[in-house]
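Let me give you the structure first, and then I'll get to my questions.
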Amino acid sequence: MMLQTTACALDCYDACKIVVEEKISHIAGDKDHPASNGALCSLLNKHMYEQVRIEQPRIDGEEVSMQEAMEAVKAAFETSGALLWRGSGNMGVMQEVTNLLMERLDGTLTHGSLCDGAGDAGIVEGRGINKILPLEQIAKADTVVIWGRNVTVTNAHMMPFIEGKKLIVIDPVKTAIAKRADMHLQIQPRTDYYLAIMLSRFIYMEDSQDTQWCEAFASEYEEFYEFTQEHRIKPILEYIGTDLGEMGCLLNYLRKQKVVFLVGTGVQKYSTGASTLHAIDSLAALLGLFGKEGCGVHYLGNSKLGFENPFDVACKTVSKVVTPFSKYHTVLVQGGNPAESMPDSKRVCKELDEVENLIYFGLYENETSKRAKIVIPAKNFFEKEDVRLSYGHHYVHKMNRVVESKIGISEYDFTKYLFDAFNLQGLEPEEVYIEKWLEQCDEDDEGNLISPAYEAIPYEEGFGEDGEEEFVFVDDYDDDFINTKSLTKVRTSKKNQLSQDTLWLITPKSNKALNTQFERQTQVQLHPALGYAEGTDVKISSEYGSIVLEVVLNEDLRKNCIVIPNNTIGINRLTPSIVSNEGENACYQEVKIKIETIEG
Ligand SMILES: Nc1nc2c(c(=O)[nH]1)N[C@H]1C(S)=C(S)[C@@H](COP(=O)(O)OP(=O)(O)OC[C@H]3O[C@@H](n4cnc5c(=O)[nH]c(N)nc54)[C@H](O)[C@@H]3O)O[C@H]1N2
Ligand SMILES: Nc1nc2c(c(=O)[nH]1)N[C@H]1C(S)=C(S)[C@@H](COP(=O)(O)OP(=O)(O)OC[C@H]3O[C@@H](n4cnc5c(=O)[nH]c(N)nc54)[C@H](O)[C@@H]3O)O[C@H]1N2
Ligand SMILES: [Mo]
């Protein structure tokens, strides 16, 4: 039997290596692989396999040949100044080859993120650079704090690394991992910044900070202490939804031991998301958790760190979060579903509908393909050559074509077609680009390719680009959504406006879908105390829009939180077109929700 290997291109921390036996209905993990430890998830084994592909290109709803469709794409690009909006449907590096085309055709790209951008900005403020904490350091920790990350759903291959550790979960939802944890802090949403500040304050109060490490690498720690003292303990603990007893218990797990924080995107789906990661990092610094074995903060890292990217171009850019699509006569959507994945769908769809030439380049029908004038089927990751990096670990995989298929066109061939059609010079052969990525990698002792940015213990020498700077503590917090002034002493004593009477939206990932790919659903999870009956339809609204969903009761929620996963049809009608204070990120959870019963 012929065994071939590739890697999963789906947007997830794990980036698993895949062993293919003959055809893609027979795939398996690689037991020897350090990150994916032999198992593959049901998204690959079931959902992707069952998903119906777009097989035939279309123009204005009529099926056409690939040749005709690509001619139409060329015509759409004839007037210069098109926009490319790229999603994260495939995480292979070759997705970005289309940047070269946009540069040559005077096109526009996007900046910012729907995903992890706010947190990343907060990390960069403190550490200067966002390095990934290697998995083997997580395996050496005594305590693992899972902070706003739903590991069993979104990052299942992390499980062997946290096996047997003291587990703390900080999440407004009692997730599966929270149920197995030594301690679950079921806090109010959007209070993680204050939690990190309070914990820091208590650590100083009991003199548990790592003074020796701070003197060497974070010498402003006393100023940080003063900053934490501006915060009033009692109202803040109340605001977070915790008390001194719980704090004392949590501190027992953090003090004088090896601690890793696994922070997810959940803490930063808000305008203040950067401050939250900065505060969590500041807490970690105070405990001396950087640059030491078995310690650190693991968030979504910069997978391209240390690489020279052959697809880096100097194009104009517009926001990926509040994209003004209607300003462009031609918009190419590649590997994404903005009509459904971007916040404020009503605005997005109106804008997309005003675009003269909307081109959808993807695998499956979705809310964006339905609106497109030209539909170009893509090849899936089993059908083309690529290289996979990860934001969760340092292993790099060569992705091989393991299936021959007549369907679709690869991103490279799409780019090549247009280079040729416009008589542009300078596109290198595909293998040259693949090799450019691979030749920059190192190899570990077992022969696995690893990123050039790999360091066994990141920040061991210090912070910043050159590793010679100090850690910078958070010293400022701006919140325009909630007036938190009463929580600090030095500021105004305005009446406490922390209204908790409307509902918070929690919109996480689902185990049946990868963002809007694969299974979609139409339910909202509510706490039984809200008084709605299981199975009834309710109207859920925010100031941006409303949707009707079926009630599923869930006792694992706080009473003031509702959960609508991001594979729910119409979810982003509820979410706001705002950009985070730092990091140009979407703020999916910065919204309050109302529920109404539907008459009849
Ligand atoms: N099965 C599956 N896996 C995926 C994906 C998928 O769609 N499906 N998507 C992939 C992608 S694109 C990404 S970015 C990653 C993201 O992976 P995660 O970082 O795990 O993101 P979420 O699923 O949004 O889970 C966030 C968690 O944060 C909690 N949370 C919500 N609000 C708050 C808050 O204010 N404070 C705290 N402390 N917690 C909060 C939620 O209850 C949830 O448990 O997952 C990847 N993996
Ligand atoms: N409410 C809410 N909204 C969210 C989130 C949330 O947690 N809650 N999460 C946000 C996050 S973290 C992210 S990362 C975004 C993701 O949002 P998007 O980047 O828009 O991702 P998807 O919606 O999954 O769309 C991916 C599309 O890529 C196409 N595709 C897959 N493989 C390939 C390929 O090889 N080539 C090409 N050309 N196309 C391909 C598929 O057809 C699929 O429809 O969503 C964000 N939206
Ligand atoms: Mo994401």
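Just so you know, these numbers use all the heavy atoms, side chains as well, and skip hydrogens, waters and symmetry mates.
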* **Arg190 bridged to Glu590 by N-O distance under 4.0 Å** => yes

* With Phe290 via ring pair (Phe, Tyr, Trp, His ring centres under 6.0 Å) - residues at least two apart ->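 Scan of Phe290 (ring pair (Phe, Tyr, Trp, His ring centres under 6.0 Å), adjacent residues dropped) gives Tyr459, Phe463, Phe471.
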
* Quickly, which of Ile197, Leu283, Val472 forms a side chain to side chain contact (heavy atoms under 4.5 Å, CB included) with Phe224? Name it, please. =>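 It is Ile197, the one option of Ile197, Leu283, Val472 that forms the side chain to side chain contact (heavy atoms under 4.5 Å, CB included) with Phe224.
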
* In terms of ring plane angle, is the pair Tyr454 and His394 parallel, tilted or perpendicular, where the classes change at 30° and 60°? ->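 Rings of Tyr454 and His394: perpendicular, over 60°.
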
* With sequence neighbours excluded, what pairs up with His278 under the ring pair (Phe, Tyr, Trp, His ring centres under 6.0 Å) test? ->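 Listed in chain order: nothing, the list is empty.
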
* Asked: Is the CD atom of Glu223 crowded by more than 12 outside heavy atoms at less than 6.0 Å?
  -> yes

* Asked: If you draw the axis of the six-membered ring of Phe381, does the NZ or CZ of Arg388 fall within 45° of it and under 6.0 Å from the ring centre?
  ->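 Ring-cation test returns no.
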
* To do: Answer with yes or no whether the side chains of Gln440 and Glu308 bring together a donor and an acceptor at under 3.5 Å.
  => no

* Asked: Would you call Lys17 and Asp32 a salt bridge, using N to O less than 4.0 angstrom?
  ->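 Salt bridge between Lys17 and Asp32, a charged N being under 4.0 Å from a carboxylate O: no.
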
* **Side-chain donor/acceptor of Glu469 to backbone N/O of Gly464, under 3.5 Å** =>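 Not confirmed, Glu469 side chain does not pair with Gly464 backbone.
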
* Ser510 versus Gln521, side-chain donor and acceptor atoms under 3.5 Å ->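 No - no donor-acceptor pair under 3.5 Å links their side chains.
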
* Asked: Does Asn567 use its side chain to pair, donor to acceptor, with the backbone of Gln517 at less than 3.5 Å?
  -> no

* Find out whether Ser451 and Leu305 are in side-chain contact, i.e. whether some heavy atom of one side chain is under 4.5 Å from a heavy atom of the other. => no

* Asked: Is it true that atom NZ of Lys512 has more than 12 heavy atoms of other residues, nucleotides or ligands lying nearer than 6.0 Å?
  -> no

* Are Tyr544 and Leu574 close enough that some pair of their side-chain heavy atoms sits under 4.5 Å apart? -> no

* Could Lys304 and Asp312 be called an ion pair, given the rule that one side-chain N must be under 4.0 Å from one carboxylate O? ->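 Not counted as a salt bridge, because no side-chain N and carboxylate O are separated by less than 4.0 Å.
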
* Note, Glu411 side chain near Asp386 side chain (heavy atom, < 4.5 Å) ->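 When only atoms from C-beta onward are counted, Asp386 and Glu411 do not touch, as no gap falls below 4.5 Å.
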
* **Which residues share a ring pair (Phe, Tyr, Trp, His ring centres under 6.0 Å) with Tyr270, sequence neighbours left out** =>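 Tyr270 satisfies ring pair (Phe, Tyr, Trp, His ring centres under 6.0 Å) with no residue once adjacent residues are dropped.
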
* To do: Answer yes or no: is there a side-chain heavy-atom contact under 4.5 Å between Val474 and Glu125?
  =>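 With C-beta onward as the side chain, the pair stays apart.
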
* Which pairs count as side chain to side chain donor-acceptor pair (under 3.5 Å) when at least one residue sits in residues 160-169, sequence neighbours excluded? -> Lys166-Gln257

* Asked: Atom CD of Glu96 and atom CZ of Phe311: how far apart are they, to the nearest 0.5 Å?
  -> 7.5 Å

* When rounded to the nearest 0.5 angstrom, what distance separates OH in Tyr477 from CG in Asn581? -> 8.5 Å

* To do: Decide yes or no for Ser88 and Cys115: does some side-chain heavy atom of the first lie under 4.5 Å from some side-chain heavy atom of the second?
  =>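 Counting from C-beta outward, Ser88 and Cys115 never come under 4.5 Å.
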
* Asked: Is a side-chain N or O of Asn572 found less than 3.5 angstrom from the main chain of Glu340, in a donor-acceptor match?
  ->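 The answer is yes, because a donor-acceptor pair under 3.5 Å joins these two groups.
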
* ring pair (Phe, Tyr, Trp, His ring centres under 6.0 Å) contacts in which one or both residues fall within residues 142-191, not counting sequence neighbours -> Trp147-Phe261

* Modelled atom types, side-chain donor and acceptor of Gln525 and Asp556, under 3.5 Å ->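 The answer is no; no qualifying pair exists.
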
* Kindly check if the number of other-residue, nucleotide or ligand heavy atoms within 6.0 Å of CD (Glu439) is above 12? => yes

* Asked: Would you call Ile240 and Leu185 a side-chain contact if the rule is heavy atoms closer than 4.5 Å?
  ->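 Side chain of Ile240 against side chain of Leu185, heavy atoms only: no contact under 4.5 Å found.
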
* **Non-hydrogen side-chain atoms of Leu84 and Asn99 separated by less than 4.5 Å** => yes

* Asked: Does a side chain donor of either Asn302 or Asn130 reach within less than 3.5 Å of an acceptor in the other side chain?
  -> no

* Asked: Can Tyr299 and Asp120 be counted as having a side-chain donor-acceptor contact under 3.5 angstrom?
  ->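 There is no such pair (donor and acceptor under 3.5 Å, judged by atom type) between the side chains of Tyr299 and Asp120.
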
* Heavy atoms, side chains only, cut-off 4.5 Å: are Ile138 and Ile162 in contact? ->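 Yes; the side chains approach each other to less than 4.5 Å.
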
* **Side chains of Asp14 and Asn155, donor plus acceptor under 3.5 Å** =>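 Their side chains do contain a donor-acceptor pair, which is all the 3.5 Å distance test asks for.
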
* Report the residues that fulfil ring pair (Phe, Tyr, Trp, His ring centres under 6.0 Å) with Phe202, sequence neighbours left out, ordered by chain and then residue number. =>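 Phe202 satisfies ring pair (Phe, Tyr, Trp, His ring centres under 6.0 Å) with no other residue.
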
* Under 3.5 Å side-chain donor-acceptor pair for Thr516 and Asn337 -> yes

